[in-house]
Amino acid sequence: MTNWRRFRLAGWLWFCKWRVSLDNLGDWRKSTWCGSVGESDIGSELTLMGWVQRRRDHGGLIFIDLRDRQGLVQLVFNPEPASEGSVNDGKGVHALAHTLRSEFVLAVKGIVSKRPEETENPSLKTGMIEVKVSELKILSSANALPFQIDDDTDAGEDVRLKHRFLDLRRPVLQQSLMLRHKVSMAARNYLSDNGFLDIETPMLTKSTPEGARDFLVPSRMNAGHFYALPQSPQLFKQILMISGFDRYFQITRCFRDEDLRADRQPEFTQIDAEMSFVGTEDVMGCMEGLIGHVFKEALGVELDASFARLTYDEAVGRFGLDAPDVRFGMELKDITELVKGCGLKVFSSVAASGGIVKVITAEGAASFSRKELDGLTELAKTYGAKGLAWVKLNADGWQSPIAKFFSDEEKKAIEEAAGAQVGDLMLFGADKATVANTALGRVRLAIGKRLGLIPEAIDSSTKEGFSFVWVTDFPMFDYDEHEKRYNAVHHPFTSPRDEDMELLKTDPAKVYSKAYDLVLNGQEIGGGSIRIHDPKVQAKVFELLNIGKDEASSKFGFLLDALSYGTPPHGGIAFGLDRILSIMIGSDSIRDVIAFPKTQKAYCMMSEAPSEIDSKQLEDLFLRVTKPVQT
RNA sequence: GGAGCCGUAGUUAAGUUGGUUAUAACGCCGGCCUGUCACGCCGGAGGCCGCGGGUUCGAGUCCCGUCGGCUCCGCCA
């Protein structure tokens with residue numbers, strides 16, 4: 001490079017830095033997505049727009065990976081002059097390219113060319129071609145980034161959530177949200193094609209202290225009165241059935257002011273549907289069609305036409321949980337009768353006092369270390385178990401702290417009931433039924449993971465990755481020992497089974513409902529029921545739930561009123577869209593499928609909501625904050 | 001309400017028994033570089049060790065509290 005040329009270039013670089021104004025888009029329009037440029041475009045001039053993924057500046061040659069939602073394409077900047085009449089002459093384009101940094105937004109015109117021999121990049125969709133840039137516009141510059149825009153970025157989730165606008169540029173999140181769009185469109189199309197009408201229900205609605213805590217909205221027009229954000233459109237969709245719409249659906253936000261989990265956000269999205277003149281099988285059948293359509297459209301996976309069924313009692317009895325993971329066996333076996341007279345007091349006394357003793361057998365797990373067993377015991381304890389007895393079945397018999405309490409006959413009978421072979425590990429839960437089932441059910445899942453029976457990453461390209469099961473026939477009520485009253489297991493509008501109607505009066509604890517949950521890979525992804533359409537039955541259920549006449553009429557008066565004006569038998573279901581998606585993409589957290597999720601303290605790290613408000617706003621709403629502001 | 005894990009440059013991490021000037025990688029800034037694609041090479045800047053208190057001659061390190069993130073129990077009809 002001559003001194004003169006060096007001087008000219010230095011001048012250009014100085015000019016590029018000095019100039020503060022960015023280029024205007026002008027009449028440039030993109031001709032295609034960066035990630036969609038292909039070999040068929042070779043030879044043609046394209047206009048591309050996107051973000052600078054990475055710059056590889058060789059001093060002479062400069063390579064830029066330009067990114068948009070479809071992918072990357074390599075731009076090449078040559079120092080040679082470009083064609084006449086371009087917005088920058090060739091040297092200008094090249095010099096300008098030196099100033100490019102990560103996440104600058106560019107518009108370029110250039111010729112698509114086949115890459116020279118040996119420089120193709122097979123790991124890139126567009127790796128056979130590159131774009132030789134003749135004209136460049138810098139539409140926007142960017143500050144140094146808090147983290148790399150990259151699928152395997154190493155930044156923590158809190159950093160990413162604070163800069164969610166950058167996080168969302170990562171291809172993996174772009175793809176998740178595109179999948180979300182596909183799922184939601186497929187659901188809409190299926191439901192619409194099957195006669196369901198999309199009808200909106202209010203977001204400002206009535207607080208119903210039953211169930212989850214409400215998010216409340218103060219009413220300026222009505223001092224001291226509050227709306228609640230809907231926990232679900234439950235009552236409104238039933239009203240729509242009573243109004244004669246016959247089939248309704250909505251993909252809608254629901255709000256619950258409860259503590260968060262990996263699979264629970266304060267606002268989440270339901271695919272909500274309701275149908276008239278149907279029974280449980282009609283709803284389940286129709287929804288199998290919905291789920292099948294969604295998986296086909298969104299993932300290209302052809303599911304079985306119908307899903308497995310388990311009653312609630314079977315699910316809890318065999319798997320310990322009402323959302324069973326049926327991808328593997330290791331079922332719970334009841335040995336209460338066998339241990340009634342055994343020498344181990346923990347077992348015999350539980351058996352004698354109405355509790356249950358159950359066992360699971362982990363194949364080949366006799367090799368588990370003491371540490372692993374302790375870990376499983378700790379796990380069982382978090383679910384209320386007092387401990388977790390274990391037996392390693394070795395060639396020479398039981399290796400176990402509890403071995404000495406059992407006779408040879410008892411051991412043999414237990415092994416047989418448990419289906420245990422030499423080399424297996426038996427784990428026992430002894431407690432009241434709910435505790436023993438839950439604890440063993442959870443231990444079963446932990447061992448399933450440990451033994452690889454639950455795959456670490458599911459294969460979302462085949463139906464084998466997805467294990468659906470309906471859980472039906474839930475109990476109507478469970479008894480709240482603290483408050484000494486019945487609670488609705490599903491919700492207070494769920495219909496009892498026809499054959500159990502009489503039991504409502506005599507033995508409510510034995511009444512089963514027409515409720516059903518859909519479980520996918522051990523996670524509840526949806527649930528619904530046939531509703532009560534007889535006001536007399538509804539009144540009886542309220543009575544059992546200890547909801548008095550006045551209370552019922554003040555909380556649900558409009559529904560009770562509506563029920564008495566000609567109500568079709570009806571029922572429906574709601575799916576957790578976020579949960580379905582997180583399973584589809586193999587994530588443990590629904591935050592990965594929500595554009596702007598909140599932290600465990602229900603805080604948005606990007607917008608910094610919730611926040612304090614100024615006193616004028618409070619005055620308008622007739623509110624006074626009593627919490628100490630800050631100490 | 002409770003349990004556990006975590007918090008050190010922009011980011012991710014290391015930091016010994018409590019002991020000189022707190023390391024590294026990536027990123028950033030500057031220079032060189034015409035076939036790279038995690039480009040390469042040379043140089044440089046960058047720190048309230050989350051915050052507050054305590055123990056100590058001395059604290060990133062030990063103790064107490066607190067704030068924040070994550071996971072879980074309770075809660076989520």
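Quick note on labels: first sequence line is chain A, next is B, and so on, each numbered from 1. What you see is a predicted model, and the numbers here were worked out from it, not measured in a lab.
- Across all strands shown, A/Q231 has no heavy atoms under 4.0 Å from either base or sugar-phosphate atoms.
- Straight-line distance between the P atoms of B/A9 and B/C49: roughly 9 Å, to the nearest whole Å.
- Across all strands shown, A/V76 has no heavy atoms under 4.0 Å from either base or sugar-phosphate atoms.
- Nucleotides B/G31 and B/A38 have their P atoms positioned 25 Å apart, rounded to a whole Å.
- With rounding to whole Å, A/F255 atom CZ is found 20 Å from B/C76 atom P.
- Proximity of A/R160 to the phosphate of B/C70: no side-chain N or O atom is located under 4.0 Å from OP1 or OP2.
- In this structure, the CZ atom of A/R54 is 16 Å from the P atom of B/U36, given to the nearest Å.
- Lacking a ring centre under 5.5 Å from that of the base six-membered ring together with a plane angle below 30°, A/F147 does not count as stacked on B/U11.
- Ring centers of A/F493 and A/F556: under 6.0 Å apart, within the cut-off.
- Across all strands shown, B/G4 forms a Watson-Crick or G-U wobble pair, both distances under 3.5 Å, with B/C70.
- With P as the reference atom, B/C63 and B/C6 are 13 Å apart, rounded to whole Å.
- In this structure, A/H58 counts as stacked on the base of B/C39 under the 5.5 Å centre distance and 30° plane angle limits.
- Within the nucleic acid shown, A/E378 has no heavy atom closer than 4.0 Å to any nucleic acid atom.
- Spacing of C1' atoms, B/G7 relative to B/U12, comes out at 13 Å, to the nearest Å.
- Rounded to an integer number of Å, the gap from A/I590 CD1 to B/C76 C1' is 12 Å.
- Across every strand in view, B/U56 sits unpaired, with no contact that passes the Watson-Crick or G-U test at under 3.5 angstrom.
- Using a 4.0 Å heavy-atom distance criterion, A/P146 is classed as a sugar-phosphate-only contact.
- The shortest distance between the side-chain N/O atoms of A/R115 and the OP1/OP2 oxygens of B/U36 is not below 4.0 Å.
- B/C41: Watson-Crick or G-U partner is B/G31, with both key distances under 3.5 Å.
- Looking at heavy-atom distances under 4.0 Å, A/S232 makes contact with a base.
- Regarding A/D57, its CG atom lies at a distance of 13 Å from the C1' atom of B/G30, rounded to whole Å.
- As judged by a 4.0 angstrom heavy-atom cut-off over every strand, A/E118 is placed among residues making no nucleic acid contact.
- If you take atom C1' in B/U17 and the same atom in B/G60, they sit 15 Å apart, rounded to whole Å.
- Not less than 6.0 angstrom separates the ring centroid of A/F77 from the ring centroid of A/H98.
- Spacing between B/U16 and B/G10 at atom C1', rounded to whole Å, works out to 28 Å.
- You'll find a donor-acceptor pair under 3.5 Å spanning the side chain of A/R264 and the base of B/C76, going by distance alone.
- Side-chain contact, A/Q270 with A/T252: no donor N or O sits under 3.5 Å from an acceptor N or O.
- Between the side chains of A/T311 and A/D473, no donor-acceptor pair is found at a separation under 3.5 Å.
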Verdict with supporting geometry, A/S123 and A/N121, side-chain hydrogen bond (donor to acceptor under 3.5 Å, both in side chains): CA-CA 6 Å; A/S123 60; A/N121 183 353; 2.6 Å; yes

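- Under 4.0 angstrom from either OP1 or OP2 of B/G68 there lies at least one side-chain N or O belonging to A/K601.
- Here the C1' atom of nucleotide B/C32 and the CD1 atom of A/I62 are 13 Å apart, to the nearest Å.
- Across the protein-nucleic acid pair, A/N121 atom CG and B/C39 atom P stand 11 Å apart, rounded to whole Å.
- Within the 4.0 angstrom heavy-atom criterion, no nucleotide atom of any strand lies near A/D257.
- Between B/G46 and B/C26, the two C1' atoms lie 14 Å apart (nearest whole Å).
- Between the side chains of A/H163 and A/R169, no donor-acceptor pair of N or O atoms lies under 3.5 Å.
- Between the side chain of A/Q148 and the base of B/U11, no donor-acceptor pair under 3.5 Å is found.
- Counting non-hydrogen atoms under 4.0 angstrom, A/Y383 reaches the backbone sugars and phosphates but no base.
- Note: CG (A/D259) to P (B/C70) measures 13 Å, nearest angstrom.
- Judged by distance alone with a 3.5 Å cut-off, a donor-acceptor contact links the side chain of A/R261 to the base of B/G74.
- As a whole-Å value, the separation of A/R101 CZ from B/G30 C1' is 10 Å.
- Pairing each heavy atom of A/P496 with each of A/K514, the nearest pair is O-CE, 3.6 Å.
- Between the side chains of A/Q265 and A/D578, no donor-acceptor pair is found at a separation under 3.5 Å.
- When the C1' atom is used for both B/A45 and B/C64, the distance is 38 Å, rounded to whole Å.
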